[in-house]
S.K.: 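Below is a structure I'd like to ask you about.
None of these values were measured; they are calculated from a predicted model. Residue numbers start at 1 and run along the sequence shown.
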Amino acid sequence: WAVLVAGALMGAGDVIAQQLVEQRGLHGHHCPRTLKMMAIGFCFVGPVVGSWYRILDWLIPGNTKVVAVKKVILDQGGFAPCFLGCFLAVTGAVNGLSAQENWSKIQQDYTDALVTNYCIWPPVQIANFYFVPLQHRLAVVQCVAIVWNCYLSWKANR
């Protein structure tokens, strides 16, 4: 279920990026790009993020305020920087970039994407880890992530 949701929302984020941010119009919409972003959601984002939440809950069990803060520190200090770099690398590979082109694109986009991540995700994750049961955390993240996925799609495909 989480994998299907992640794929669908990655696709929706790309459609929003192409239509609202890039203003491509229906005739200018690049369907293969949307399908690639959906595949990344199905094969990478959903499984990795879903597994991460299970691991994080195993490492730091509970849902008190202190536990939520500890989880956010580990999530945003450890997982987010690694995941973002991997996401950019996977996207570049799926888009057919050579290793050198992919590395250059990661160097160009990574810092800005990470700073943007830190503007969005810490408050979302505090609420998520404190109020939301484990089995619903990925769904909450993916709902908020529709905006994040739009940004990532735009960033990764420009």
S.K.: Are Val115 and Ile106 grouped together when hydrophobic residues (ILVMFWY) are joined by side-chain heavy atoms under 4.5 angstrom apart?
M.R.: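 No, separate clusters.
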
S.K.: Ignoring hydrogens and angles, tell me if any N or O in the side chain of Glu22 forms a donor-acceptor pair with the backbone of Trp154 under 3.5 Å.
M.R.: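 It does not hold such a pair.
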
S.K.: How close do Arg33 and Ala17 get, counting heavy atoms only, and between which atoms?
M.R.: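 Smallest interatomic distance, heavy atoms only, reads NH2-CB, 3.8 Å.
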
S.K.: Indicate the atoms forming the closest heavy-atom contact of Asn117 with Ala80, along with that distance.
M.R.: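 Shortest heavy-atom contact: ND2-CB, 3.8 Å.
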
S.K.: Is the shortest side-chain heavy-atom distance between Pro81 and Tyr110 below 4.5 Å?
M.R.: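 Yes. Closest side-chain heavy atoms under 4.5 Å.
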
S.K.: Do Val67 and Val132 sit in one hydrophobic cluster, given that two such residues count as connected whenever their side-chain heavy atoms are within less than 4.5 Å of each other, even indirectly?
M.R.: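 No, separate clusters.
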
S.K.: Do Phe83 and Phe44 have ring centroids that are under 6.0 Å from one another?
M.R.: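 Centroid distance Phe44-Phe83: below 6.0 Å, so yes.
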
S.K.: Looking at residues at least two apart in the chain, or sitting in another chain, which of them share a salt bridge (Lys or Arg N to Asp or Glu O under 4.0 Å) with Arg54?
M.R.: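 Counting only residues at least two positions away or on another chain, Arg54 forms no salt bridge (Lys or Arg N to Asp or Glu O under 4.0 Å).
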
S.K.: Would you say that Ile40 contacts Phe87 through its side chain, given a criterion of any heavy-atom pair below 4.5 Å between the two side chains?
M.R.: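 They are in contact (side-chain heavy atoms under 4.5 Å apart), so the answer is yes.
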
S.K.: Taking Ile146 as the starting point, is it possible to reach Val140 by hopping between hydrophobic residues whose side chains are less than 4.5 Å apart?
M.R.: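 No, it is not one cluster - the side chains of Val140 and Ile146 are not joined through contacts under 4.5 Å.
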
S.K.: Would you sort out whether Val94 and Thr91 count as a side-chain contact (heavy atoms from CB on, under 4.5 Å), showing the intermediate values?
M.R.: CA-CA 5 Å; Val94 167; Thr91 304; 5.8 Å; no

S.K.: How close do Gly11 and Thr34 get, heavy atom to heavy atom, and via which atoms?
M.R.: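 Between these two residues, the closest heavy atoms are O-CG2, 3.8 Å.
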
S.K.: Could you work out, with salt bridge (Lys or Arg N to Asp or Glu O under 4.0 Å) as the rule, every residue matching Asp75, not counting sequence neighbours?
M.R.: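 Salt bridge (Lys or Arg N to Asp or Glu O under 4.0 Å) list for Asp75, sorted by chain: empty.
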
S.K.: Return the set of residues passing salt bridge (Lys or Arg N to Asp or Glu O under 4.0 Å) with Glu101 (not counting sequence neighbours), or none when no residue passes.
M.R.: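 So Glu101 forms no salt bridge (Lys or Arg N to Asp or Glu O under 4.0 Å) with any residue.
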
S.K.: Do you know the tightest heavy-atom contact between Gln125 and Val141?
M.R.: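 Minimum heavy-atom separation between Gln125 and Val141: OE1-CG2, 3.5 Å.
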
S.K.: Please determine whether side-chain contact (heavy atoms from CB on, under 4.5 Å) holds for the pair Val21 and Tyr151, giving the CA-CA distance in whole Å, both sets of side-chain angles, and the decisive distance to 0.1 Å.
M.R.: CA-CA 9 Å; Val21 178; Tyr151 168 79; over 6 Å; no

S.K.: Start with the C-alpha distance between Leu20 and Ile16, add both sets of side-chain angles, then the distance that settles side-chain contact (heavy atoms from CB on, under 4.5 Å), and finish with yes or no.
M.R.: CA-CA 5 Å; Leu20 296 181; Ile16 293 167; 3.8 Å; yes

S.K.: Applying a strict under-4.5 Å side-chain criterion to I, L, V, M, F, W and Y, I'd like to know whether Val124 and Val69 cluster together.
M.R.: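 Val124 and Val69: one cluster.
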
S.K.: Within the structure provided, determine whether Leu26 and Gln19 are in side-chain contact (heavy-atom separation under 4.5 Å).
M.R.: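 Yes - at least one pair of side-chain heavy atoms lies under 4.5 Å apart.
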
S.K.: Is there a donor-acceptor pair under 3.5 Å between the side chain of Tyr130 and the backbone N or O of Val66?
M.R.: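 No, the answer is negative, given that no donor and acceptor are paired below the 3.5 Å cut-off.
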
S.K.: Under 4.5 Å between any side-chain heavy atoms of Leu56 and Phe129, yes or no?
M.R.: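 Yes, side chains in contact.
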
S.K.: Does Asn102 use its side chain to pair, donor to acceptor, with the backbone of Ala89 at less than 3.5 Å?
M.R.: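 Yes, because the side chain of Asn102 sits within donor-acceptor range (under 3.5 Å) of the backbone of Ala89.
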
S.K.: Check whether any side-chain heavy atom of Leu88 sits under 4.5 Å from a side-chain heavy atom of Lys105, and report yes or no.
M.R.: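 Sidechains of Lys105 and Leu88: no contact.
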
S.K.: I'd like to know whether CD of Gln107 has more than 12 heavy-atom contacts from other residues, nucleotides or ligands below 6.0 angstrom.
M.R.: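 Yes, CD of Gln107 has more than 12 neighbouring heavy atoms, counting only those of other groups under 6.0 Å.
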
S.K.: Any non-hydrogen side-chain atom of Leu152 less than 4.5 Å from a side-chain atom of Leu84?
M.R.: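 Yes, at least one pair of side-chain atoms sits under 4.5 Å.
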
S.K.: Mind checking whether Asn149 and Met37 have side chains closer than 4.5 Å, heavy atoms only?
M.R.: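 Of all side-chain heavy-atom pairs linking Met37 with Asn149, none is under 4.5 Å.
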
S.K.: Heavy atoms only: give me the nearest Gln76-Trp121 pair and the separation to one decimal.
M.R.: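 It is NE2-CB, 3.6 Å.
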
S.K.: From Leu114 CG over to Tyr118 OH, what is the distance, rounded to the nearest 0.5 angstrom?
M.R.: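 Spacing of CG (Leu114) from OH (Tyr118) equals 4.5 Å.
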
S.K.: Going by the rule side-chain contact (heavy atoms from CB on, under 4.5 Å), which residues pair with Val5 if we only count those two or more places apart in sequence or in a different chain?
M.R.: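 side-chain contact (heavy atoms from CB on, under 4.5 Å) check on Val5 returns Trp1, Leu9, Gln142.
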
S.K.: Flag yes if Trp148 and Val144 sit in one hydrophobic cluster, no otherwise; membership is Ile, Leu, Val, Met, Phe, Trp, Tyr, and two members link when side-chain heavy atoms are under 4.5 Å apart.
M.R.: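 Hydrophobic grouping puts Trp148 with Val144.
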
S.K.: I want to check something: taking the side chain as every heavy atom from C-beta on, are Met10 and Ser153 in contact at a cut-off of under 4.5 Å?
M.R.: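 No, too far: nothing below the 4.5 Å cut-off.
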
S.K.: For the residue pair Gln18 and His30, what are the closest heavy atoms and their distance?
M.R.: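 Taking every non-hydrogen atom into account, OE1-N, 2.7 Å.
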
S.K.: Can you list everything that forms a side-chain contact (heavy atoms from CB on, under 4.5 Å) with Asp57? Sequence neighbours excluded, please.
M.R.: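 Once residues adjacent in sequence are excluded, the partners of Asp57 under the side-chain contact (heavy atoms from CB on, under 4.5 Å) criterion are Lys71, Leu134, Arg137.
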
S.K.: Looking at residues at least two apart in the chain, or sitting in another chain, which of them share a salt bridge (Lys or Arg N to Asp or Glu O under 4.0 Å) with Lys36?
M.R.: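 So Lys36 forms no salt bridge (Lys or Arg N to Asp or Glu O under 4.0 Å) with any residue.
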
